[in-house]
Amino acid sequence: MQAIWLGMPGFVQLLIIAALLLGVQDAEAYDKEMTVYVDAGKTECLYHSVRQGETIDFEYQVIDGGHGDLDISFTLLDPIGLVIVSDFKKPENVHRHEVAKEGDYRFCFDNSFSMFNRKTVFFELIVEREGEELQGDTQWNEVDELTGLSRDEYYDMKVQDIMDFIGRIRLQLTKARQLQDVLRSHEARDRNLAESNFQKVNHWSMLQIGAMIGVGLIQVLMLRSIFATGGRMHNLWRKLGI
């Protein structure tokens with residue numbers, strides 16, 4: 001087995017090691033993105049089980065407020081119902097919490113203060129374990145079974161540098177994806193706001209056009225009544241001295 005490993009090209013060895021290490025790393029993280037609708041006067045809650053020692057990263061943004069403001073109330077509660085985070089009527093926010101108590105955590109969006117407008121909320125939930133080695137012994141045992149090399153020999157091959165390099169790449173890719181998600185949510189919010197303003201402009205324009213037509217008709221009728229000698233309006237103008 002060791003001879004087969006040593007006979008592999010260098011890039012193949014790197015890909016195998018990266019796959020083993022990233023496979024363990026992915027098992028330690030949870031990443032979920034969703035868009036939820038919160039009806040007027042309602043509260044929507046979501047639950048997620050979190051273990052002690054993990055970290056919760058939660059980001060939300062209101063991307064559509066119906067015909068009202070882009071705001072929502074948010075509450076994060078621990079497994080026994082104690083409030084950890086509480087926001088009131090905010091358009092967006094980011095929260096980070098280190099979990100000290102294992103159990104089901106509750107994430108609630110409250111739109112009870114709105115009587116008519118349904119809110120559309122985009123959020124991202126990331127749960128990961130910070131400050132913990134990625135199960136180093138298990139990793140190295142799996143790699144040892146494949147290659148037949150010892151840990152010291154791996155250090156001699158600068159595997160640790162490769163791990164750090166791959167970890168940095170993965171971190172940058174994750175940040176890039178999160179930034180794209182945030183930009184997409186901003187775009188959706190701006191589009192909804194632009195469409196709402198477009199409808200308001202159309203309604204006001206139609207109202208003003210109707211008012212102009214009505215005023216024009218009234219002016220024509222009044223002028224005709226002034227010069228028409230046999231009409232009721234003419235008699236009224238005469239009585240008024242016009």
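Computed over heavy atoms, backbone and side chain alike; hydrogens, waters and symmetry mates excluded.
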Which distance, rounded to the nearest 0.5 Å, do you find between the [atom1] of [X] and the [atom2] of [Y]?
| X | Y | atom1 | atom2 | result |
| --- | --- | --- | --- | --- |
| Asp78 | Arg106 | CG | CZ | 9.0 Å |
| Glu98 | Ile84 | CD | CD1 | 12.0 Å |
| Glu187 | Asn192 | CD | CG | 10.5 Å |

Counting only N and O atoms by type, is there a donor-acceptor contact under 3.5 Å from the side chain of [X] to the main-chain atoms of [Y]?
| X | Y | result |
| --- | --- | --- |
| Thr174 | Arg170 | yes |
| Ser73 | Lys89 | yes |
| Asn111 | Val38 | yes |

Under a 4.5 Å cut-off applied to non-hydrogen side-chain atoms, are [X] and [Y] in contact?
| X | Y | answer |
| --- | --- | --- |
| Thr55 | Arg96 | yes |
| Ile80 | Lys101 | yes |
| Glu33 | Phe122 | yes |
| Val121 | Glu44 | no |
| Glu124 | Asp31 | yes |

- Query: When you measure from the centre of the six-membered ring of Phe109, is the NZ or CZ of Lys119 under 6.0 Å away and within 45° of the axis?
  - Reply: no

Smallest separation among heavy atoms of [X] and [Y], with atom names:
| X | Y | result |
| --- | --- | --- |
| Ile63 | Ser185 | CG2-O, 3.3 Å |
| Val182 | Gln61 | O-OE1, 4.2 Å |
| Asp110 | Ile72 | O-CD1, 3.5 Å |
| Gln178 | Ile126 | NE2-CD1, 2.8 Å |
| Gly65 | Leu70 | N-CD2, 3.1 Å |
| Pro79 | Gly103 | CG-CA, 3.5 Å |

Consider only side-chain heavy atoms of I, L, V, M, F, W and Y, link residues closer than 4.5 Å, and tell whether [X] and [Y] are in one cluster.
| X | Y | result |
| --- | --- | --- |
| Leu46 | Leu125 | yes |
| Met34 | Val94 | no |
| Met212 | Trp204 | no |
| Phe113 | Val62 | no |
| Tyr60 | Leu77 | no |

- Compute the ring centroids of Phe123 and Phe74, then answer whether they are less than 6.0 Å apart.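 Ring centres of Phe74 and Phe123 not closer than 6.0 Å.
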
- In this structure, which one of Phe107, Phe58, Tyr30, Tyr105 forms a ring pair (Phe, Tyr, Trp, His ring centres under 6.0 Å) with His48? Tyr30

